[in-house]
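In what follows, a structure is listed as structure tokens, so that the remarks can point back to it.
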Amino acid sequence: MSLPWGVKETVDSDHADDVSAFIATAEESDITVGERKAKLLKFGLKQVKDKHLLIYRYQLAK
């Protein structure tokens, strides 16, 4: 496994509840994107003023 990466994404306020429900089930799961495999390590959805930020960490398999 490589080093973990962190990402911030803006989430539309209309979809914040759906994203929260998804991340509750996706933490510590493995996904395949193209030919690469990644482990989803940690998620968080934070509200900052009128925006929602999805912050997550993942680790790519070598």
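Count residues from 1 along the sequence.
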Item checked: Gap between atom NZ of Lys39 and atom CG of Asp30 - 0.5 Å precision -> 4.0 Å
Check: Among pairs that include at least one residue of residues 44-57, which meet side-chain hydrogen bond (donor to acceptor under 3.5 Å, both in side chains), considering only residues two or more places apart or in two chains?
Finding: Ser13-His52
Item checked: Closest contact, heavy atoms only, Leu41 versus Glu28 -> O-OE2, 3.3 Å
Margin query: Less than 4.5 Å apart, side chain to side chain, heavy atoms only: is that true for Leu40 and Tyr58?
Written below: yes
Margin query: Any non-hydrogen side-chain atom of Leu45 less than 4.5 Å from a side-chain atom of Val11?
Written below: yes
Next item on the list: Could you grab the distance from atom CZ of Phe43 to atom CG of Leu54, nearest 0.5 Å is fine?
Entry: 7.0 Å
Would you tabulate the side-chain donor-acceptor contacts of residues 17-25 under 3.5 Å, counting partners in other chains and residues two or more places apart, or write 'none'?
residue: Ser20; atom: OG; partner: Ala16; partner atom: O; Å: 3.1
residue: Thr25; atom: OG1; partner: Phe22; partner atom: O; Å: 2.8

